Amino acid sequence: LETTTHTEPMVEEETPLLSNLDLFLFSLIVGLVVYWFMSRKKPEPLPEFKKLDTPAPTIRETSFIEKMKKMGKNIIVFYGSQTGTGEEFANRLSKDAQRYGMKGMAADPEEYDMGELSRLSEIENSLAIFCMATYGEGDPTDNAQDFYDWLQENDDENLSGLNYTVFGLGNKTYEHYNSMGKYVDKRLEELGAKRIFDLGLGDDDGNLEEDFISWREQFWPAVCEHFGVEALGDDSSIRQYELKVHTDMNMNKVYTGEIGRLKSFEVQKPPFDSKNPFLATVTVNRKLNKAGDRHFMHLELDITGSKIRYESGDHVAVFPTNESALVNKLGQILGVDLDVVISLNNLDEESNKKHPFPCPTTYRTALTHYLDITHPPRTNVLYELAQYASDPKDQENMRKMASSSPEGKALYQNWVLDANRNILAILEDMPSLRPPVDHLCELLPRLQARYYSIASSSKVHPNSIHICAVLVEYTTKTGRVNLGVATNWLKNKPVTDNGHKSTVPMYIRKSQFRLPFKATNPVIMIGPGTGIAPFMGFIQERGWLKEQGKEVGETVMYFGCRYKNEDYIYQEELEEAEKNKVLTQLHVAFSRDQEHKVYVQHLIKNNKENLWKLIHSDNAHIYVCGDARYMAKDVQTAFHDMAEELGGMTRTQATDYVKKLMTKGRYSQDVWS
């Protein structure tokens, strides 16, 4: 190969200041510095920065003192309420305050810091009223549990600046009558608070409304005297909410029956509770009784995937709806388009309760899902509606029924309560009364969840909850047929409805009604009628324990019904459990199969020697479920008689003996009146 040679003249070569490598490294460093600087100047937008655009979530005011100062209130009415009546009474009292020249607010103790009670004296002429219901076996209501715990735990609290009064809501058929109201009244006094009016006790077995009115009539004059104020004598109707009609509302923002969160029935998110119920699918709905004019039913609800856990003895709460026929009749009689979208907005903008029920919604949804239209209305509803009666005689009668006069009380008892007139019946029988539907919706109480003892064991049915119920149906004095809201609704829940699965909004309420910790302890179960429900769960669980090879003590069942061939519900299951030795004894009282009536308490007396040995020597646990008014009392009397006769005790000692069994958790009741 030829090589090319340079022909240019030779020039002396100079050594460069920077070598090629130096230049490369220098350029690289400069480039990196520039890149770093440029990238610093233009940072990538981070998604987190978006948070700066959204306002911080509003923190709920937990200081009722600051709220009262801000709103100029001097009376606060706390309520412990399970079925809504305590809350209703609290709202009525806070509204009353206005008529006496004061300003009141109703408050849920669960939402506030109750430790602030000692600061109430910072507000002039201040007063705390407590409307406290007792639930179950002398327990506080769910929303008053934290307040109850606070009262028990804070012995050093000084409430000397607190003026207070208490009205208790209870039922005399229960063992621990009005225990929550009595406890709050006594405990506040122990902590130094000043009672300015006597404890009021309402009895739901008698006439709770009358008890409340009688107490309230004496209470307000005592308050006026204590604070040296005069009643304004303003008896006019005071609206709490104002109506807003929505003409162009996006229907995706309208409530259609949800209890809490909008669209919560479409997108279900645990945990499930009273404010966020689970939509359980109905997998079984069968009639239990073979004959007769009553309808006993057994339903099974599927809770697969809900993460709901329950124990035998717990309660299932279901949210029923009113019958569409009743709702349509109300719409017709009031001449209302039920499908108008509305909101009822609280006139007090600072109130935690913005609406009486979830809004915006339609009148149809409100009257179907949210409002109680089947119970006889309370006197305050009649009083507020009286102004809309065009006949002066009707106006006079309605106001009279809401008064505390003996004549007014008798008229309310006879025309409303004894005749079982609900709001529809009142409107039908009083043609001159045609109130605006929005005011009616403001006044009617909320439709409440209904509780049923669970008739299954989670050990055997972890993904299913069983309900045992009987349809409530009766003819009133006016000849109308009234149906129980929940039982009629459950009865009409087929497994499939036009190709769709029936669902039930539900949640679990924990109970103290529990099988003994030791499976070897004998159990004595007494549950006539639908009172058998929790014992179906107990029997399933004892059977499961036996299958696991555990030693299980005696399992004794006392059941009762009217006729063997009509309403002996769960007969096959009970007889099968007896055959398999899961039930060691099965005693059934058929009350009407013979000339003289035989009830469970009679069978208890017939087996007293065996029962006494189980209770007194073998540490048996006794469980009673069903009717509180008669059955539970008669059964308890049978055990008093047994302790007296076979234990050689006096009547007082026998009564104390049974009470001690109760305090030790060996005599449990799940009863209703």
Side-chain angles (χ1 to χ4, degrees), residues 61-81 86-87 89-90 93-94 96-98 100-134 138 140-141 143-170 178-202 212 215-216 218-231 350 352:
E61 179 70 77
T62 60
S63 169
F64 62 83
I65 298 292
E66 296 312 315
K67 182 167 261 195
M68 288 174 77
K69 286 179 178 177
K70 189 177 175 184
M71 296 158 65
K73 311 271 186 186
N74 65 321
I75 291 179
I76 185 160
V77 194
F78 292 106
Y79 57 85
S81 183
E87 181 180 359
F89 285 2
L93 289 168
S94 70
D96 281 347
Q98 203 169 321
Y100 293 90
M102 293 172 264
K103 289 189 85 176
M105 65 178 267
D108 182 344
E110 198 172 33
E111 294 182 353
Y112 293 102
D113 174 9
M114 297 305 284
E116 286 199 326
L117 283 172
S118 58
R119 290 183 55 205
L120 201 58
S121 55
E122 293 174 18
I123 296 168
E124 195 182 351
N125 283 356
S126 61
L127 168 66
I129 307 170
F130 296 86
C131 288
M132 308 308 292
T134 300
T141 57
N143 78 310
Q145 183 66 55
D146 291 345
F147 174 48
Y148 176 74
D149 294 342
W150 179 82
L151 284 173
Q152 286 197 307
E153 291 159 9
N154 289 278
D155 288 329
D156 301 330
E157 196 70 38
N158 178 11
L159 299 181
S160 55
L162 175 69
N163 296 313
Y164 81 95
T165 190
V166 178
F167 182 82
L169 297 85
N178 251 316
S179 62
M180 187 59 184
K182 290 173 185 174
Y183 173 74
V184 171
D185 181 62
K186 176 172 153 281
R187 185 62 175 148
L188 290 173
E189 185 180 44
E190 286 171 357
L191 296 174
K194 183 181 180 184
R195 184 191 297 108
I196 69 153
F197 190 67
D198 293 340
L199 166 69
L201 297 176
F212 175 66
W215 177 83
R216 177 174 156 244
Q218 296 167 58
F219 163 69
W220 282 115
V223 172
C224 292
E225 190 180 331
H226 183 270
F227 291 127
V229 296
E230 282 186 41
E350 296 293 330
N352 279 3

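No hydrogens, no waters, no symmetry mates; every other heavy atom, side chains included, goes into these values. Count residues from 1 along the sequence. On a predicted model such as this, the values are computed, not experimentally measured, just so you know.
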message: Check this for me: Glu124, atom CD, are more than 12 non-hydrogen atoms of other residues, nucleotides or ligands nearer than 6.0 Å?
response: no
query: Going by heavy atoms in the side chains, are Val223 and Tyr100 under 4.5 Å from each other?
result: no
field: Sidechain-backbone polar pair: Asn125 side chain, Gly228 backbone, donor-acceptor under 3.5 Å
entry: no
message: Looking at every heavy atom in both Leu162 and Leu188, which two are closest together, and how far apart are they?
response: CD2-CD2, 4.3 Å
query: Considering only heavy atoms from C-beta outward, does the side chain of Met132 approach that of Tyr148 to under 4.5 Å?
result: no
field: Criterion side chain to side chain contact (heavy atoms under 4.5 Å, CB included) on Tyr164 and Phe130, from CA distance to verdict
entry: CA-CA 8 Å; Tyr164 81 95; Phe130 296 86; 4.1 Å; yes
message: For the CG atom of Asp156 and the CG atom of Leu191, what is their distance to the nearest 0.5 Å?
response: 9.5 Å
- request: May I ask you to test the Phe227-Ile75 pair for a side-chain heavy-atom distance under 4.5 Å?
  value: no
- request: Verify, without hydrogens or angle tests, whether Thr134 (side chain) and Ser179 (backbone) share a donor-acceptor contact under 3.5 angstrom.
  value: yes
- request: Measure the shortest side-chain to side-chain distance between Leu151 and Tyr183 over non-hydrogen atoms and say whether it is less than 4.5 angstrom.
  value: yes
statement: Minimal heavy-atom distance between Gly115 and Glu157, with the atoms involved, is O-OE2, 3.9 Å
message: Given 3.5 Å as the limit, does a donor-acceptor pair link the side chain of Asn74 with the main chain of Lys103, or not?
response: yes
- request: List the atom of Gly168, the atom of Leu199, and the distance in Å for their closest heavy-atom pair.
  value: N-CD1, 4.4 Å
task: Drop me the distance from Thr62's OG1 to Asn352's CG, to the nearest 0.5 angstrom.
output: 10.0 Å
field: Nearest heavy-atom neighbours spanning Ser121 and Gly161
entry: CB-O, 3.4 Å
- prompt: Within a reach of under 6.0 Å around NZ of Lys67, are more than 12 heavy atoms found that belong to other residues, nucleotides or ligands?
  reply: yes
task: Step by step, work out the side chain to side chain contact (heavy atoms under 4.5 Å, CB included) result for Ile129 and Phe219.
output: CA-CA 11 Å; Ile129 307 170; Phe219 163 69; 3.6 Å; yes
message: Would you say the ring centers of Phe212 and Phe167 fall short of 6.0 Å from each other?
response: yes
message: For Glu122, is the CD atom crowded, meaning more than 12 foreign heavy atoms sit under 6.0 Å from it?
response: yes
- request: Could you walk me through whether Phe64 and Leu120 pass the side chain to side chain contact (heavy atoms under 4.5 Å, CB included) test, one step at a time?
  value: CA-CA 9 Å; Phe64 62 83; Leu120 201 58; 4.1 Å; yes
statement: On a heavy-atom basis, the closest approach of Ala97 and Gly104 is CB-N, 3.8 Å
- prompt: Is any side-chain heavy atom of Lys194 closer than 4.5 Å to a side-chain heavy atom of His226?
  reply: yes
- prompt: Is the side chain of Trp150 donor-acceptor paired with the backbone N or O of Asp113 at a distance under 3.5 Å, no angle test?
  reply: no
- prompt: Under 3.5 Å, is there a donor-acceptor pair between the side chain of Asn143 and the main chain of Ser81?
  reply: yes
field: Heavy atoms from other residues, nucleotides or ligands near NZ of Lys70 exceed 12 (cutoff 6.0 Å)
entry: no
- request: May I have the step-by-step check of side chain to side chain contact (heavy atoms under 4.5 Å, CB included) for Phe197 and Gln218, ending in yes or no?
  value: CA-CA 9 Å; Phe197 190 67; Gln218 296 167 58; 3.6 Å; yes
field: Separation of Asp96 CG from Met102 CE (nearest 0.5 Å)
entry: 9.5 Å
task: Would you check if Thr165 and Trp215 make a side-chain contact, meaning some heavy-atom pair closer than 4.5 Å?
output: yes
query: What's the shortest heavy-atom distance between Asn163 and Ser126, and which atoms?
result: ND2-O, 3.2 Å
- request: Answer yes or no: is there an ion pair linking Glu190 with Arg187, defined by an N-O contact shorter than 4.0 Å?
  value: yes
